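Values in this document were obtained by computation on a predicted structure and should not be read as measured data.
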Amino acid sequence: MQEKDFFIVIGCSFLVLVLLWILIASSIGYRKYREKKQAVIEETFADIVSRHLYGNASEQLSFIEIQRIFRKLGVFRKNPATVQYLINLMIRTQRSLLGRNYKKIGDLYKRIPPYRASFRKTQHRKWYVRAQGIREIYEMNQAGYTAYIAKFRDDPNVYIRREAQIALVVFLGWESLRFLPYLSREIELWQQIKIVEKLHDLYPEPQVQYIRKCYDVEHDFGKSLLMRIIRKFRLEEEVDFIIDMLSHESFEIRETAIYCLSSFQLSPSRLETVKSLFGELENLQQQRQVLALIERSSIIPDVEFYRDILLNNSSDFIKLKVSEVLWKSGYEELVVEYNRSLVELEEAFSLNQNFQEA
Amino acid sequence: MNNAISEQHNVPVKTALIIQEDIIMRRILERLVKASGFSVQICSSIDDLALHEQNTEYDLVISDILFDDGISSFDFAFRLGNEISSKLLFIVTKMGQEVIRQNFLNMERVDRFFGIPFDLDELERELIKLV
Amino acid sequence: MIESLVYYTVTYLFLGYGILLGLIYFCFILLAVRAISQSKKRATFLEVEDMVGATDLPSLTLIAAAFNEGNTILTNVRSLLSLQYPYFELLVVNDGSTDDSMEKLIKAFDLEEKDASFITQPISTATVKRIYKSRDSRYRNLTVIDKSNGGKADALNAGINFADTELVLCTDADCILESDALLKLVRPFLQENEQEVIACGGSIGIVNDSVVENGVLKKLHLPKKLLPTNQVVEYIRAFLLGRMAWSQVNGLMLISGALGVYPRLRLIEVGGLDRSTVGEDFELSIRLRKHMENLDLPYKMVYIPETLCWTECPDTYDIFIRQRDRWARALWETLGLHKGMFLNRKYGKMGMILFPYWCLFELGAPVVEFLGLTFLLIFGVMGWINWPAAILLFVFVYLLGCIFSTIAIFIYVKNYRHYSSGKEIAELLLASYLEPFLFHPVLLYAQIKGYGKKVFKIKSGWGGMTRKGFQLAGKRSKAI
C-alpha cells in the first residue's frame, strides 16, 4: 500500500468520525425537542380525558374541539410518531379503567384522530407494526374487527399471535377458549398471564362449560392456561383437573399445578389424592413443595403418612422437610425417636465394620 | 382540624391530598375527588409538597405506593401515615396483586386499597359516603 | 533473506490478527444494533407498567452478599427493599463481617433469630450461624443470613440454598439497582418458549461522582477524573456492543456477578458458584451452558441492553491495576478449568466457536499486543521498520478505534437518556480518544501482570477496593 493510499483512507476515516459527531449532536437535539412536545401532549390529553369523565357541563369539550386541539399539537396523519405517542397514552389510560368509565373512554376514542390508523397497521409488512395494530384495536375496544383479527390467532410470529389471541379474549370473553385446542403454537407465560387477566377484568363471571370443553387439549401450554384460569377465578369444583396434572410427565406442568394448588384449601378427599400422587413425583424439589402444600391444607397432620416417609423415603432432603412438619405440629418425640434410631444404626454399622476389619 | 370554608354556603369543605406520579391518573382522580365535594391538593411525590402543605391535616389522602425514592412501598405507606396527618388513607396503585392488597390492609394504616385497573365508581361511592 | 522472512511473517501474522479482530468488532456493531432495535420493539409488547400489576409472575429472591459494609449496609438494604416487584424476597448474606454490620441490621430492621435446624444445604458452604427475619411487617420480605466467612461465591451459595423461589438474582450489596430492574430482568423468562432462559443479565453503569439519595441514583454525572471516565466508555462498548452482539446469536458466555438472574433449580443442579476461582461469575456462566449442552436441552442466555445496575469503579491507577489483574487471572483460570471444551464438537457452537473466540481474542489479545510491542521494539532497533508507513498505519488504526468508540457512544446516546448534555458527550468522546495513550497501556500492563502471576504461580486473591461512597443530595424531604 502506497503512502498516498494511507492518506486517502485516513481522510475517509476522519470524515466518518465527523459524520458520527453530527449524528450524535442531532440525535440529542431532536430528542430534547421531542420530549418537550410529548410532555405538552400528555398534559393536554390528561386534561381532556379527566374533563370527559368528570368535568361539569361547562368544562366539556366537543369532539371537534378535541380534534382541533390535537391537530394544533401536531397530531395528524403525516406525523406518525406523534400519532403513535397519543395512541400509547390512550391505551395506557384505557388499561387503568374498568366499568362505566372504560366504556366512556372507548366512546371518546372513537371520535379522536388515530381511530382508523390501527387497522391500516395490521396490513403492514413489518411484524411489530402488525402486532401493534392488533393491540391498539383491542385496547381501544374496536370490536368490529373481531373476525378479521381471528385469522392471526395462529400466526408464525409470536407477537402477532399473542396480540390476536388476547384480542379474541377481549372481544369474545369465555367463548374464545374454544380456539384453544386448535392452536398449534406455544402460548408463553406472559401471554397466559394477559389472557387470564383480561378474562378476569372484563368477564368476571366464569363460564365453566368452556373450560371443561378444553380439558382434552393436548398441548402443555393449553393445560397450563386452564390451570391458571381455575386458580384466578377460584373455581373449587375444577381443582381435580389441577390435581391430575401432578402426575403429568412434564416438569413445567407439574410445577404449574403445584403453584396453582397452593391457592386452594384442599378438601380431605382431595388431600388424600395428592398424598397418593406424592410418591410418583421424581423431582425432590417438587416433592418438597407438595409436602408444603399438604401441610398447609391439613387441619390435623397425617402422622402415619409422615412416619411412612421418614422410615421409607431414601432422600434426606425429604426426610428433613417431614421432620420440620412433624416438629412444628408438636410431634417432636417422633423426630427424636427417628434420629435416635439413626444414631443406633450408625453405631451398629460402625461396630460391624470394625469387627470385619479385625 | 384545618377546614377550608366555602364562600357561598359557609360550610366546611373536606380536604384531600392526591399523590400520584402518573399525570393522567392524577388529573382523573383530581376531578373525581373535586366533583365529590372535596378541596384537593395534588402532587406527583411527597418531595413536591411545600412544608406548610405537608403540615396540613387532610380528611383524605389518596396515594400511590410506587415511587423512585429508595423507600419500599410498605415503608412509604407506614411513614405517610405518620408524617402526613389524615383521617383516611386510600391507596391507588398499579401493584395491586391480592397478596399486596392484603398486606397493606393488614397494616391498619390503609383504609382502602385499589389496584389498577379498577372501577372509579367504587372510589366515587366511598367518597360520597365521606362527604 | 532469513531476516526478511522473519520480518514479513511476523508482520503479516499481526496484521492478520488485527484485521480479523477489526472484522469481528465490525460484526459486533451490526449485531448489536439489530439486537438493541429488536429488544426495544419487543419491550413495547411487554411494558414494565403492565408487568408490575400482573399475577403469576415468577417469584424471585435477590441475594446480596455483604462483607464489612457497615458504613453503607442500611442504606443499601433499604434501597434494595424499594425495588418494584410484587413477589420478591431480599436475602442479605453477612459473610463473616468483622465490623458492626449485623448489629446495625438487627437494630434497624427489628430482626429476630429464626430456627435454622431444618434448613437444607444442597450446596455446601461455610457454616451458617443464624438466620434472621424481621418482626416488622414493613420488612416481611427481608431475611438476613449470618455465616462464617467464605468469600463472595460462598455467600451467594448460602443464599441460593436458603431461597425458596423460582428465580434468584445475585448481586453485590453495594450496587444500586434501578427501581424497575427486577421487572426488566424477569421479562425474558415470561417470553420463554422453545429455549429455556438459563441466565439473564443487564448493563452496569458507573456512578462515581454522581448524586445518590436513599440508595437511589438521583443525578448521574460523568466522573471527574479521566480514569473512571475511560471505564465508562469501556463499559458502554463492552455491554452495549459486545454482550448484545453475543446475546443476538445466543453466544453469551458471561453474565456479570453484579447483576444476574438465574433459575434456582439450575443453579443447584450445577452446584452453585465455584469458590476456588476469582472469576466465579464467568465460570458459572460457562458451567451452566455446559450443563445444558450435556442435558441436550435448548437454552439461551439473554442480555438486557439497559443500564439496570450502578456501581463504583476504581478511580486510582493502583486499584484499577489490581482489579484488572484479578479479572485477567479469572479469565485464565476459568478458561483453563474448561479447556476440554476447546474445539470439542460435543459442546456444539460453544466448543467450536465461542470458547475458541474467548481463548484467542479475549485471553489472547493482551498477549498478542504485548508481543507486538516487543517485536516493534526489536524491529525498530534492527532498523527494519518503514517509519513513515508505520506512523500512517498507526494513525489509521487509531482512527478506526475512535470510530468504534464513537459508534458505541452514539448508540448509547440515541437509545438511552443517561448522558444527554453536549458537555458530557464531548467528555466521553475525548476520554475515548485519549484511551489508547493513557488508559490502554495501564490495562495491558495489569492484564500481563495477571497472566504472569498464573504462569509463575504467584498467589494472589481479590485485593481490596475502598468505596468512596457517593455524593449525598443536599436537600431531603421532611416526610420521607
- Measure the CD1-CZ distance between A:Ile22 and C:Phe410 for me, rounded to the nearest 0.5 Å. 11.5 Å

- Specify which of C:Leu399, C:Asp50, C:Asp56 makes the most heavy-atom pairs with chain A at under 4.5 Å. C:Asp56

- Answer yes or no: does atom CZ of C:Phe437 have more than 12 heavy-atom neighbours from other residues, nucleotides or ligands under 6.0 Å? yes

- Given a strict heavy-atom distance threshold of 4.5 Å, which part of A:Phe221 is in contact with chain C: side chain, backbone, both, or neither? neither

- Contacting region of C:Ile425 [heavy-atom separation from chain A under 4.5 Å]: side chain

- Contact part of A:Ala131 toward chain C, heavy-atom cut-off under 4.5 Å: side chain, backbone, both or neither? both

- Look at A:Glu255, A:Arg288, A:Gln192, A:Gln191 and state which one has the largest set of heavy-atom pairs under 4.5 Å with chain C. A:Arg288

- Contact part of A:Tyr159 toward chain C, heavy-atom cut-off under 4.5 Å: side chain, backbone, both or neither? side chain

- With chain C, the option among A:Glu186, A:Lys321, A:Lys32, A:Glu197 that has the most non-hydrogen atom pairs under 4.5 Å is A:Glu197

- Task: Mind checking the SG-CZ spacing from A:Cys12 to C:Phe396? Nearest 0.5 Å is all I need.
- Result: 9.5 Å

- Item | More than 12 heavy atoms from other groups under 6.0 Å of CG on C:Asp164 | no

- What residue, out of C:Gln38, C:Met51, C:Glu47, has the most heavy-atom pairs lying under 4.5 Å from chain A? C:Met51

- Message: I need the minimum non-hydrogen distance between A:Ser27 and C:Lys414, along with the two atoms involved.
- Response: OG-CA, 3.8 Å

- Going from CD1 on A:Ile160 to CZ on C:Phe45, what distance comes out if it is rounded to the nearest 0.5 angstrom? 8.5 Å

- If you count the non-hydrogen atoms of other residues, nucleotides and ligands that lie under 6.0 Å from CD in A:Glu249, is the total more than 12? no

- Applying side-chain contact (heavy atoms from CB on, under 4.5 Å), run through A:Lys126 and C:Lys41 and close with a yes or a no. CA-CA 11 Å; A:Lys126 291 183 179 163; C:Lys41 284 173 189 145; 6.0 Å; no

- Task: Give, as side chain, backbone, both or neither, the part of A:Arg185 having an atom under 4.5 angstrom from any heavy atom of chain C.
- Result: neither

- Backbone of C:Glu49 reached by a side-chain donor or acceptor of A:Arg92 within 3.5 Å: no

- In Å, rounded to the nearest 0.5 Å, how long is the span from OG of C:Ser37 to OH of A:Tyr128? 6.5 Å

- Heavy atoms of C:Leu190 and A:Glu188 approach each other most closely as O-CG, 3.2 Å

- Item | C:Arg187 versus chain A, the contacting section by heavy-atom distance below 4.5 Å | neither

- Considering non-hydrogen atoms only, spot the tightest contact between A:Trp190 and C:Ala54 and give its length. CZ3-CB, 3.7 Å

- Mind ranking C:Leu57, C:Leu265, C:Ile409, C:Leu400 by heavy-atom pairs under 4.5 Å with chain A and telling me who comes out on top? C:Leu265

- Query: Highest number of heavy-atom pairs under 4.5 Å with chain A: which of C:Tyr398, C:Tyr416, C:Phe189?
  - Reply: C:Tyr416

- Note on the structure: Most heavy-atom pairs under 4.5 Å with chain C, out of A:Tyr30, A:Trp127, A:Phe14, belong to A:Trp127

- Message: So for atom OH, which belongs to C:Tyr8, do other residues, nucleotides or ligands contribute more than 12 heavy atoms lying within a distance under 6.0 Å?
- Response: no

- Residue among C:Ile268, C:Leu46, C:Ile407 with most heavy-atom pairs under 4.5 Å to chain A: C:Leu46

- chain C heavy atoms under 4.5 Å from A:Ile193: which part of the residue, side chain, backbone, both or neither? side chain

- List the steps, then state whether side-chain contact (heavy atoms from CB on, under 4.5 Å) holds for C:Thr55 with A:His200. CA-CA 11 Å; C:Thr55 49; A:His200 187 260; over 6 Å; no

- Give, as side chain, backbone, both or neither, the part of C:Tyr433 having an atom under 4.5 angstrom from any heavy atom of chain A. side chain

- Query: Which bit of A:Glu163 is near chain C, if near means a heavy-atom gap under 4.5 Å: side chain, backbone, both or neither?
  - Reply: side chain

- With rounding to the nearest 0.5 Å, note down the distance linking OG1 in C:Thr406 to CG in A:Leu23. 11.0 Å

- Task: Pick one of side chain, backbone, both or neither for A:Glu324, based on which atoms fall under 4.5 Å of a heavy atom in chain C.
- Result: both

- Task: Pick one of side chain, backbone, both or neither for A:Gln289, based on which atoms fall under 4.5 Å of a heavy atom in chain C.
- Result: neither

- Counting only heavy atoms not in C:Asn294, do more than 12 sit closer than 6.0 Å to its CG atom? yes

- Note on the structure: Max heavy-atom pairs within cutoff under 4.5 Å with chain A, candidates C:Glu166, C:Gln121, C:Gln191, C:Glu192, goes to C:Gln191

- Message: Does C:Tyr25 have more than 12 heavy atoms from other residues, nucleotides or ligands lying within 6.0 Å of its OH?
- Response: no

- Nearest-0.5 Å distance, CD1 of residue A:Ile187 to CG of residue C:Asn193: 12.5 Å

- Contacting region of A:Lys232 [heavy-atom separation from chain C under 4.5 Å]: side chain

- Task: Return yes when atom CZ of A:Arg31 has more than 12 non-hydrogen atoms of other residues, nucleotides or ligands closer than 6.0 Å, and no otherwise.
- Result: yes

